[in-house]
Amino acid sequence: MSFATGVPTVGVTDLEDGDFLLDVREDDEWKSGHAEGALHIPISEFVARYGELTEAAPQDGRVHVICRSGGRSAQVTMYLVQQGVDAVNVAGGMQMWESAGRSVVTDDGQPGHVL
């Protein structure tokens with residue numbers, strides 16, 4: 001884990017199957033393709049829907065925050081850290097996820113792509 005610009009950050013290759021992933025991209029990006037099993041709360045709705053994260057996130061686990069390239073997820077990561085949540089930004093976001101050969105799916109489980 002590194003702390004690029006003060007934000008705790010991990011690389012896509014550091015993630016293991018079963019790690020909790022929070023996708024903060026907008027609805028059109030999510031529908032195009034996302035990591036299977038990720039929780040989707042768009043950054044534009046994040047504060048209003050924060051309770052969904054606290055219900056879904058593992059109580060003693062880390063929240064890995066991802067967006068398209070890492071900018072929006074860094075903002076959400078910093079917010080979560082300020083709330084006392086063990087959160088890290090996924091460097092390179094879904095673009096790096098896809099280029100690393102990780103699975104990208106649509107809501108119906110079909111192969112997707114990153115916008």
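Here the structure is a predicted model, which means the values were calculated and not measured.
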*Asks:* Listed by chain and number, what are the side chain to side chain donor-acceptor pair (under 3.5 Å) partners of Arg49, not counting sequence neighbours?
*Replies:*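 For Arg49 the side chain to side chain donor-acceptor pair (under 3.5 Å) partners, ignoring immediate neighbours, are Glu45, Glu52.
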*Asks:* Quick check for you: to the nearest 0.5 Å, what is the distance between Glu98 atom CD and Ser103 atom OG?
*Replies:*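 Those atoms lie 10.0 Å apart.
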*Asks:* Does one hydrophobic cluster hold both Leu80 and Leu39, with members joined at side-chain heavy-atom distances below 4.5 Å?
*Replies:*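 Yes, Leu80 and Leu39 fall within the same hydrophobic cluster.
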*Asks:* Flag the pair Trp30 / Asp107 as yes when at least one side-chain heavy-atom distance between them is below 4.5 Å, and no otherwise.
*Replies:*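 Sidechains of Asp107 and Trp30: in contact.
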*Asks:* Quick check: are there more than 12 heavy atoms from other residues, nucleotides or ligands sitting under 6.0 Å from CD of Gln83?
*Replies:*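 It does: Gln83 CD has more than 12 such atoms within range.
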*Asks:* Side chains of Val85 and Tyr50: closer than 4.5 Å at any heavy-atom pair?
*Replies:*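 Yes, close enough: below the 4.5 Å cut-off.
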*Asks:* If I compare all heavy atoms of Ala38 with all of Asp23, which pair ends up nearest, and what's the gap?
*Replies:*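 Nearest heavy atoms, Ala38 then Asp23: CB-CB, 4.4 Å.
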*Asks:* From Arg62 CZ over to Leu21 CG, what is the distance, rounded to the nearest 0.5 angstrom?
*Replies:*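 Going from CZ on Arg62 over to CG on Leu21, the span is 13.0 Å.
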*Asks:* Could you tell me whether the side chain of Asp17 reaches within less than 4.5 Å of the side chain of Arg102, counting heavy atoms only?
*Replies:*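 They are in contact (side-chain heavy atoms under 4.5 Å apart), so the answer is yes.
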*Asks:* Quick one: does Asn89's side chain have a donor or acceptor within less than 3.5 Å of a partner on Gly70's backbone?
*Replies:*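 Present.
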*Asks:* Pairs under 3.5 angstrom only: tabulate donor-acceptor contacts from the side chains of residues 108-115 to other protein residues two or more places apart or in another chain.
*Replies:*
residue, atom, partner, partner atom, Å
Asp108, OD1, Thr106, OG1, 2.4
Asp108, OD1, Gln110, N, 3.3
His113, NE2, Ser32, OG, 3.2

*Asks:* To the nearest 0.5 Å, how far apart are CD in Glu26 and CZ in Arg72?
*Replies:*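 Nearest 0.5 Å value for the CD-CZ distance: 6.5 Å.
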*Asks:* Less than 4.5 Å apart, any side-chain heavy atom of Gln75 and any of Val24?
*Replies:*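 When only atoms from C-beta onward are counted, Val24 and Gln75 do not touch, as no gap falls below 4.5 Å.
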*Asks:* Quick one: CG on Asp27 to NE2 on His40, what's the gap to the nearest 0.5 Å?
*Replies:*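 Between atom CG of Asp27 and atom NE2 of His40 there are 5.0 Å.
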*Asks:* Answer yes or no: is there a side-chain heavy-atom contact under 4.5 Å between Phe46 and Val65?
*Replies:*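 A side-chain contact is absent here, since even the closest heavy-atom pair is not under 4.5 Å.
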*Asks:* Any chance you could measure Arg25, atom CZ, to Ser73, atom OG, to the nearest 0.5 Å?
*Replies:*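 Interatomic distance, Arg25 CZ to Ser73 OG, rounded to 0.5 Å: 10.5 Å.
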*Asks:* Between Ser69 and Met94, is there a side-chain heavy-atom distance shorter than 4.5 Å?
*Replies:*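 Not in contact.
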*Asks:* Do Val7 and Val81 share a hydrophobic cluster, counting only Ile, Leu, Val, Met, Phe, Trp and Tyr and linking them when any side-chain heavy atoms are less than 4.5 Å apart?
*Replies:*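 In one cluster with Val7: Val81, no.
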*Asks:* Compare every heavy atom of Ala87 with every heavy atom of Pro8, then report the nearest pair and how far apart it is.
*Replies:*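 Smallest interatomic distance, heavy atoms only, reads CG-O, 3.4 Å.
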*Asks:* Do Met96 and Val104 share a hydrophobic cluster (ILVMFWY, side-chain heavy atoms under 4.5 Å, transitive)?
*Replies:*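 Yes; Val104 is reachable from Met96 via cluster members.
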*Asks:* Please name all residues satisfying side chain to side chain contact (heavy atoms under 4.5 Å, CB included) with Ala91, sequence neighbours left out, ordered by chain then number.
*Replies:*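 Residues passing side chain to side chain contact (heavy atoms under 4.5 Å, CB included) with Ala91: Thr9.
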*Asks:* Which heavy atom in Val63 sits nearest to a heavy atom in Ala57, and how many Å separate them?
*Replies:*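 Residues Val63 and Ala57, closest heavy atoms: CG2-CB, 4.0 Å.
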*Asks:* Indicate yes or no: at least one non-hydrogen side-chain atom of His64 is less than 4.5 angstrom from one of Leu22.
*Replies:*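 No, side chains not in contact.
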*Asks:* With hydrophobic residues grouped by side-chain heavy-atom distances under 4.5 Å, do Trp97 and Val88 end up in a single group?
*Replies:*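 The answer is yes; both residues are in one hydrophobic cluster.
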*Asks:* Can you find a pair of side-chain heavy atoms, one from Phe20 and one from Leu53, that are under 4.5 Å apart?
*Replies:*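 The answer is yes, as the side chains (C-beta and beyond) meet within the 4.5 Å cut-off.
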